[in-house]
Structures are given as structure tokens and as C-alpha cells.
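Down below is the structure, laid out as C-alpha cells.
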Protein chains: 2
Amino acid sequence: MRTGRPRGFCIETALDRAMTVFWQKGYEGASLSDLTQAMGINPPSLYAAFGNKEGLFRAVLERYDGRRKELMDSVMAAPDAKTAAQLFLEGVAEFSADTNGRNPPGCLLVQSGLSCSDQDIPDVLAQHRAEKEKMLRERFERDRKDGNLPKSANPTVLASYLVAMANGMCVQASAGASTKDLMAVVKLALDAWPVGDKPAKKSARTLQRAV
Amino acid sequence: MRTGRPRGFCIETALDRAMTVFWQKGYEGASLSDLTQAMGINPPSLYAAFGNKEGLFRAVLERYDGRRKELMDSVMAAPDAKTAAQLFLEGVAEFSADTNGRNPPGCLLVQSGLSCSDQDIPDVLAQHRAEKEKMLRERFERDRKDGNLPKSANPTVLASYLVAMANGMCVQASAGASTKDLMAVVKLALDAWPVGDKPAKKSARTLQRAV
DNA sequence: TTTTTATTGTATCGGATGATACATAATGGC
DNA sequence: GCCATTATGTATCATCCGATACAATAAAAA
């Protein structure tokens, strides 16, 4: 077993509380006092566990990804590309406007620091967002290869479109849009989804190119 | 004429320079030293002209709106709703990825402070974004009344969709997406646009509901 | 027990932050 | 010329920032 005095607080709980602070105030707006107070610990405990403020933030982002894993899993497991797109956007509409717990509306990866005094913060956020876009792109590439997407469709553009839509919805959620509002947008957004070009799925829509 | 010593700097130029700083570092990341240095003035001049940091920021936002006026004017003057949507999204793809001058990519209204220690900042940004959404909504309401949009289309949702799309594209632009990347997304996004339901415009697409 | 290792609470560090006091400078009005 | 008014430059304010020094504490290892 590990030697030394055992840690007196739960890392996961502390990260959850730090997440709320970063989410509400942004990376730079969240002061060390805000964070330690919310986490219920003193500065040395924070620095011992996470190195510094940026280290804590990165740990929070990892945990945030964990919270979104369930949604991404269901998206990746969807039977076809359009269902995947629908699950993705509806999931975003759901959680981004949901203030169930103490988390603010919106998405941590969008609103905690697109612009910052320290450029590392926008960069790491962009990496996390890009990771999700990559998952979608690779899934759509497989779909296209398997004939579940028209050959005319461009997986890169489709993934970019969905992520842009999702991020935009998060911006609106942060300003007060409801899940219902966002669901209406999602429904419209899915009308752009490419169908036809393959006999796999029949649709009332005519042929159209995706890109 | 106004009495007293004349101002020794140009308000517009100073606002442009402050805009760059807020854009790059965000509201909280932009320090007074950053701002005064970029603006080429001393703190007392800044406070005399704008009241405080938030006052300067609000003035910058007004000027930012002015920069976008040309685009919004062309959108409002477009001959039909779909052209308006296209001009809007293409304009956003254009300017948000364009680093022509010293401005960072993206949109000031999105990246300068979605989350902040002072909630007034996210609020005022949301107001500015909502203003543009309102312009689109009112235009589409007129279009629908005039028969340039199907009766089944929902102007509120259409405006919300476009703004979400635009904001999402700005997020991607801030992370390095090119105008070309965004144009491909725009093309796809416009496939969701409702047509038919009225004989005004003929289209190869079949009837579909917008909401 | 003694040693080693790690975490804790208290108290505080140097520096940056947003904002001003104050004297000086430059204009119009009289 | 003189005054009222406004802007400017220098210097500085109190406060908050992120981050630590240090001694005490609590566990495993010897």
C-alpha cells in the first residue's frame, strides 16, 4: 500500500466541485479561493494533488469527458449514421440545457476559456473538442465504407457540421435556451443529413450531395 | 464647442486596439496594463473616457456590432429567405476564419466571456448575440407572411438554427478552422433549409417540414 | 519504536490587478 | 489675460492573485 499520510478528501468529489466553479466563472474567473472553498480543501492540498491551477483544470476536463462518455458511447453504438447524428445532437440538447445539479447550462469545453491570457487553455479545450469530432468522423468513415452513408457524403464535413451545431447549441444554452428550444433546432439540423445514393435506406427525400 | 483640454487620442482607434486585446485574451484575461499599452494611453485617460473596464468593453462591443453591420445589412436586404441564410452563414465563415488584420479568428461575442467572474459580461454578450438573432427572426417572419417561406416553417427556429450554426462555426474558427472548412459546413447546413410548400420557388428537393 | 513518506492547516509570499490622487497641460468663454 | 473645464502623465493605492514555507500529523516500512 502507499505510504505516508492518507489524503483527507475524495479526488472525484473535489474535481466535481472544481468543475462547477470553472464552468460558472471560466478558467481565469475561477480564483484559487473560489476553488479551494468549493472543494473544501486548503491550497497546499490542491497543489499537492494537481500541481497547479492548470493541472487541476486539466484533471477537471478529463473528468468532464468521463461524464460525457455515456452519450458518446451510445452515439458510437448507434445502428446507422443518421441515428448516431440524432443521438449526438439530442444528447447535447439534453445535457447542455439541463441544470439538474449545480452545473450551469452549456458546455465546459466551450465556455470555460475560448480566449485566455494563457493560450494553453484555449488549446487544451480545442484538443478535447477535436477528440469528439474525430470520433464522429471515424464513425462516419466506417459508415460510408459500409454503405450506410452515400459515397457522395464527406465524413469530415459531417463531423464538423455536427460539432459546430453542438457547440452553437451550447452557446445558446449558456444564454438560457431550453432543451425544448434546442430540440427544435436539432430537428431542423437533421434535415440536412444526406440520404439516398444507396438503396440501403429508403427515404421520401430526393438525392442530394452532402458536400 | 466643447471646453477643456481636447482628447489626445482617437476613440475609434483606441477601441479597435482594445477590441484586439479582449478578443485574444477574453474579458478577464485582458488586464488594464494590456489594454492601456495596446491603446497607447494611460489609465486615467481610459477611465475618463469609458468609466471603467466594463464600460470600455461595452463600447468595444458596440463598435464590434458596427463592423458586422455591413454583413447584417446585406442579409436583411437579400431577395429571399434562403439567400439571406446563405449570405449570413457565408459571411460568418468568411470573417470568423479571416485573420486579415490583427484580430484573432472567431467571434468576439462568443469567445470573450461566456463564463466570467462577473455575470454582467456573459449577459451583455448574450444580449448582443440575441439582437442579431432577433433581426433574422423578424426577417423570416416577414418572409413567411409574404409567402417567401413555407407556412410550415418556424421563423424562430430558423433564426435560432442559423445563430447556433454561426456560433458553432466561430468556435471552430477560433480553434483554427479555415474559411474553406467552414464553407463546406455552410453548404451542408443550408441543405436543411425549408423549401416547397409554396409555388414561389421551384426546387429539386421534395416537400419537407422545417420544424 | 524509530524512520520514512506523504498530507494537512496556518500563515504568508512577491507580484499583478483594477482603479485613483494629484499636479500639470491645453482648450473655450469671458 | 484670466477662469472654468477637461484631459494628461506620474505615481500609487488597497486588494486579490496564484503559489509556498513550514511545522504538525498520520500512515506504512524498518
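Protein chains get the first letters and strands the later ones, always in sequence-line order, with residue 1 at the start of each. These numbers come from a predicted model, not from an experiment.
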Among all residues two or more places apart in sequence or in another chain, which pass the salt bridge (charged side-chain N to carboxylate O under 4.0 Å, His left out) test with [X]?
X         : result
Arg129(B) : none
Lys180(B) : none
Asp16(A)  : Arg63(A), Arg67(A)

Checklist line | Distance-only polar pair, side chains of Gln172(A) and Ser160(B), donor-acceptor under 3.5 Å | finding: yes
Check: For DNA chain D, what dot-bracket results from Watson-Crick or G-U pairs at under 3.5 Å, with [ ] for crossers and | for inter-strand partners?
Finding: ||||||||||||||||||||||||||||||
Would you list the atom pairs, donor with acceptor, under 3.5 Å between side chains in residues 161-168 of chain B and any protein atom, with sequence neighbours excluded?
from	atom 1	to	atom 2	distance (Å)
Tyr161(B)	OH	Tyr161(A)	OH	2.8
Tyr161(B)	OH	Ala189(B)	O	2.8
Asn167(B)	ND2	Val163(B)	O	3.4

Next item on the list: Report the residues that fulfil side chain to side chain donor-acceptor pair (under 3.5 Å) with Tyr64(A), sequence neighbours left out, ordered by chain and then residue number.
Entry: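 For Tyr64(A), the residues satisfying side chain to side chain donor-acceptor pair (under 3.5 Å) (neighbours in sequence not counted) are Arg68(A).
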Margin query: Asp65(A): which residues meet the side chain to side chain donor-acceptor pair (under 3.5 Å) condition with it, sequence neighbours left out?
Written below: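 Applying side chain to side chain donor-acceptor pair (under 3.5 Å) to Asp65(A) gives His128(A), Lys132(A).
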Check: Are Asp143(A) and Arg139(A) within salt-bridge range, i.e. N to O under 4.0 Å?
Finding: yes
Item checked: Nucleic acid contacts - residues 20-33 of chain B versus DNA chain C, non-hydrogen atoms under 4.0 Å -> Ala30(B), Ser31(B), Leu32(B), Ser33(B)
Notebook entry, point to check: Just how far, in rounded Å, is P of dA6(C) from CD1 of Ile11(A)?
Noted result: 15 Å
Next item on the list: Just say parallel, tilted or perpendicular for the rings of Phe57(A) and Phe22(A), cut-offs at 30° and 60°.
Entry: perpendicular
Checklist line | Residue pairs fulfilling salt bridge (Lys or Arg N to Asp or Glu O under 4.0 Å) with at least one residue in residues 39-55 of chain A, sequence neighbours excluded | finding: Glu54(A)-Arg58(A)
Margin query: Can you pull out the residues from residues 35-61 of chain B that lie within a 4.0 Å heavy-atom distance of DNA chain D?
Written below: Asn42(B), Pro44(B), Ser45(B)
Check: ring-ring contact (aromatic ring centres under 6.0 Å, His included) with Phe140(A): which residues, sequence neighbours excluded?
Finding: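 For Phe140(A), the residues satisfying ring-ring contact (aromatic ring centres under 6.0 Å, His included) (neighbours in sequence not counted) are Trp193(A).
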Note to self: Checking the side chain of Ser115(A) only, and the main-chain atoms of Trp23(B) only, is there a donor and an acceptor separated by less than 3.5 Å?
What the structure shows: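 A pair under 3.5 Å: yes.
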Table of protein N/O atoms under 3.5 Å from nucleotides 25-30 of chain D N/O atoms:
from	atom 1	to	atom 2	distance (Å)
dT25(D)	O2	Arg5(A)	NH1	3.2

